[in-house]
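First comes the structure, then the notes that go with it.
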Amino acid sequence: MYRRVNPTSERRMPLRMLYQPLGDGSFHRACEADSFRGLVAALLDDPDYERADVADRLMHRLRLADDVRLLFAVGDRTINVADREGADTINVASDEPLIRSLDRLGFLSLAPSTEEGDPLA
């Protein structure tokens, strides 16, 4: 489950992210979710993603990764898509690796409480 938030929204779920970068270090949207799958659903603006089967979720992650690659290509940055971690790589293996790789690339920004090893994450 996810919901869009603004700076004055009370925190209801453990994971938060900023997304839709504007290019100047700021972001157009913010959301919070109860899981990394919820964060991916927010990126896709598709609540049905959370109930989809494994194959459909992978297809959606691949489509999202291709869209992000295209956005980076406009800025002359080459990004790879793979099922494992790597430099300048979008990891589509699962929801959490996808979100964390997009955070590392600067396409979204996870709240500091979402650091790896955080008990809420």
Is the side chain of Arg69 donor-acceptor paired with the backbone N or O of Ile79 at a distance under 3.5 Å, no angle test? yes

Using atom types as modelled and distance alone, determine if a side-chain donor or acceptor of Asn91 lies under 3.5 Å from a backbone N or O of Pro97. no

Arg12/Asp34 ion pair, N-O < 4.0 Å: no

Is it the case that the side chain of Ser26 and the backbone of Asp24 share a donor-acceptor pair, with hydrogens and angles ignored and the cut-off at 3.5 Å? no

Ala52 to Arg57 - nearest heavy-atom pair and separation: O-NH1, 2.6 Å

ILVMFWY network linking Phe27 to Leu43, side-chain heavy atoms under 4.5 angstrom: no

Closer than 3.5 angstrom, by distance alone: can the side chain of Arg16 be matched with the main-chain N or O of Ala111 as a donor-acceptor pair? no

Audit row: Arg100, Asp95, salt bridge (Lys or Arg N to Asp or Glu O under 4.0 Å) steps and yes/no: CA-CA 9 Å; Arg100 293 205 185 275; Asp95 299 313; over 6 Å; no

Heavy atoms, side chains only, cut-off 4.5 Å: are Ser109 and Met17 in contact? no

So if you build clusters from Ile, Leu, Val, Met, Phe, Trp, Tyr with side-chain heavy-atom gaps below 4.5 Å, do Tyr2 and Leu44 land together? no

Go through the steps to decide whether Asp45 and Arg4 satisfy the test side-chain contact (heavy atoms from CB on, under 4.5 Å), and finish with yes or no. CA-CA 10 Å; Asp45 195 21; Arg4 291 195 177 131; 3.4 Å; yes

CZ on Arg37 to CD on Glu50, rounded to 0.5 Å: 7.5 Å

Please check: side-chain N/O of Ser35 versus main-chain N/O of Gly38, any donor-acceptor pairing under 3.5 Å? yes

From CG (Asp53) to CG (Leu58), nearest 0.5 Å: 10.5 Å

Can you label the angle between the Tyr49 ring and the His60 ring as parallel, tilted or perpendicular, going by 30° and 60°? perpendicular

After noting the C-alpha distance and the side-chain angles of Arg11 and Val5, does the key distance pass the side-chain contact (heavy atoms from CB on, under 4.5 Å) rule? CA-CA 9 Å; Arg11 187 178 195 122; Val5 296; over 6 Å; no

For the atom pair OG (Ser94) and CG (Asp83), what is the distance rounded to the nearest 0.5 Å? 11.5 Å

Connected via hydrophobic side-chain network under 4.5 Å: Ile99 and Met59: no

Is the CE atom of Met1 crowded by more than 12 outside heavy atoms at less than 6.0 Å? no

Salt bridge present between Asp48 and Arg51 (N-O < 4.0 angstrom): yes

Roughly how far, to the nearest 0.5 Å, is the CG atom of Leu102 from the CG atom of Leu39? 10.5 Å

Is it possible for you to say whether Leu98 and Val81 belong to one hydrophobic cluster, with membership spreading through side-chain heavy-atom contacts below 4.5 Å? yes

Which atom of Ser101 lies closest to which atom of Thr89, heavy atoms considered: CB-O, 3.5 Å

With a 4.5 Å cut-off on side-chain heavy-atom distances among I, L, V, M, F, W and Y, is there a chain of contacts connecting Met13 to Leu108? no

Is it true that Asp88 and Arg104 have a side-chain N and a carboxylate O under 4.0 angstrom from each other? no

Value rounded to 0.5 Å, distance of CD1 in Ile90 from CZ in Phe107: 8.0 Å

Donor-acceptor pair, side chain of Arg61 and main chain of Val92, under 3.5 angstrom: yes

Charged N to carboxylate O under 4.0 angstrom, Arg3 versus Glu32? yes

